[in-house]
Amino acid sequence: MAGKAGGVDRTHGRSIGVKLGFAALHGLSVLICLWLAFGGWNWPDPMRAKVMAGAAVLYFLRHLVTLFVLLHRRVELSEGVGLAAFIASFEIGFLLLGAGIVAGEARAFDLWDVVGISLLLIGSAINTGSELQRWAWKKQPSSKGHCYTGGLFAYSMHVNYLGDSILFTGWAILAASIWAGVVPLMMTLMFVFYHIPALDRYLADRYGAEFSAYAARTAKFVPGIY
């Protein structure tokens with residue numbers, strides 16, 4: 001399919017119906033998290049369950065901004081349903097792990113939780129902040145037909161993906177379970193070995209020499225490392 005890269009359709013389009021459905025499914029996941037955290041369930045770690053529900057609310061609010069402000073490409077029904085199911089699995093899964101469903105006991109909040117909250121907030125700011133910078137640049141008439149290389153994207157070609165990896169690492173730390181680490185690890189591997197190579201091929205084809213020069217001077221993912 002023309003304009004398709006990394007498993008998603010890159011062509012411009014509103015697809016409001018699909019986006020509304022996607023947002024509604026995500027909202028349902030968040031409501032389940034809030035019900036599990038505040039519905040009077042007798043969890044071993046009820047306070048951590050509430051923190052995890054708060055993280056889900058933050059992610060949902062950012063997702064709304066992404067869907068209805070920043071995202072100008074089409075969203076296919078299969079993508080919306082698939083991602084909604086994936087989001088529900090980790091949001092509810094993180095909450096249940098944090099609530100102590102596996103550990104069977106509460107874990108006192110400590111320095112690791114400070115690290116987790118910090119990474120969650122930093123990663124969220126990097127992801128949404130970088131996308132807002134690109135969105136503002138794209139609104140300028142002189143930007144049409146050019147590849148965005150400024151703002152946080154001057155340090156990493158896929159800094160929005162890096163923000164996601166950071167925030168999910170923090171979220172997993174807050175879950176206080178080694179099993180939660182599977183999610184950020186899986187996501188990072190998908191970024192590095194699937195989404196980034198596919199997106200780079202798409203951008204190289206679209207912007208040619210301009211993208212090649214950008215790629216030659218900029219890290220793909222983690223500045224100074226890769």
Pairs of donor and acceptor atoms involving the side chains of residues 176-183, under 3.5 Å and at least two apart or interchain, shall be tabulated with distances.
from   : atom 1 : to     : atom 2 : distance (Å)
Ser177 : OG     : Trp179 : N      : 3.3

Arg107: salt bridge (charged side-chain N to carboxylate O under 4.0 Å, His left out) partners, not counting sequence neighbours | Asp110, Asp113

Calculate, to the nearest 0.5 Å, the distance between atoms [atom1] and [atom2] belonging to [X] and [Y] respectively.
X      : Y      : atom1 : atom2 : answer
Cys33  : Phe38  : SG    : CZ    : 10.5 Å
Leu83  : Glu76  : CG    : CD    : 11.0 Å
Ile196 : Met190 : CD1   : CE    : 11.5 Å
Thr188 : Met186 : OG1   : CE    : 10.0 Å
Thr128 : Asp164 : OG1   : CG    : 8.5 Å

List the atom pairs, donor and acceptor, that lie under 3.5 Å between side-chain atoms in residues 116-123 and the rest of the protein, sequence neighbours left out.
from   : atom 1 : to     : atom 2 : distance (Å)
Ser118 : OG     : Val114 : O      : 2.7

List in chain and number order the residues that pass ring pair (Phe, Tyr, Trp, His ring centres under 6.0 Å) with Phe22, two or more places apart in sequence or in another chain; answer none if no residue qualifies.
-> His63

Contacts of type ring pair (Phe, Tyr, Trp, His ring centres under 6.0 Å), residue Tyr214, not counting sequence neighbours = none

Only pairs at least two apart or in different chains count here, so list each side chain to side chain donor-acceptor pair (under 3.5 Å) that has a residue in [range].
range            : result
residues 82-102  : His26-Glu91, Ser29-Glu91
residues 34-45   : Asp45-Arg48
residues 217-226 : Asp200-Lys220

Are Leu58 and Val115 connected in the hydrophobic side-chain network, where two residues link if heavy atoms are under 4.5 Å apart?
->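 They do share one cluster, since a chain of ILVMFWY contacts under 4.5 Å joins Leu58 to Val115.
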
Quick one: list whatever passes side-chain contact (heavy atoms from CB on, under 4.5 Å) with Leu20, sequence neighbours left out.
-> Ile16, Phe68

side-chain contact (heavy atoms from CB on, under 4.5 Å) involving Leu185 - partner list, sequence neighbours excluded =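 So Leu185 forms a side-chain contact (heavy atoms from CB on, under 4.5 Å) with Leu189.
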
Are the side chain of [X] and the backbone of [Y] linked by a donor-acceptor contact shorter than 3.5 Å?
X      : Y      : result
Asn160 : Asn127 : no
Ser156 : Phe153 : no
Ser143 : Trp137 : yes

Where at least one partner belongs to residues 81-129, residue pairs that pass ring pair (Phe, Tyr, Trp, His ring centres under 6.0 Å), sequence neighbours excluded | Tyr59-Phe90, Phe86-Phe90, Phe90-Phe168, Phe90-Trp171, Phe94-Trp171

Would you indicate whether the side-chain heavy atoms of Arg62 and Leu167 approach each other to under 4.5 Å?
->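 Yes - at least one pair of side-chain heavy atoms lies under 4.5 Å apart.
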
Which of Val51, Ile32, Leu36, Leu34 passes side chain to side chain contact (heavy atoms under 4.5 Å, CB included) with Leu95? Answer is Leu36

Heavy-atom closest pair, residues Pro197 and Val192 | CD-O, 3.3 Å

Heavy atoms only: give me the nearest His158-Phe221 pair and the separation to one decimal.
->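 Taking His158 first and Phe221 second, the nearest heavy atoms are O-CD1, 4.1 Å.
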
Would you mind listing the cluster partners of Tyr155? Hydrophobic ones only (ILVMFWY), side-chain contacts under 4.5 Å, chaining allowed.
-> none

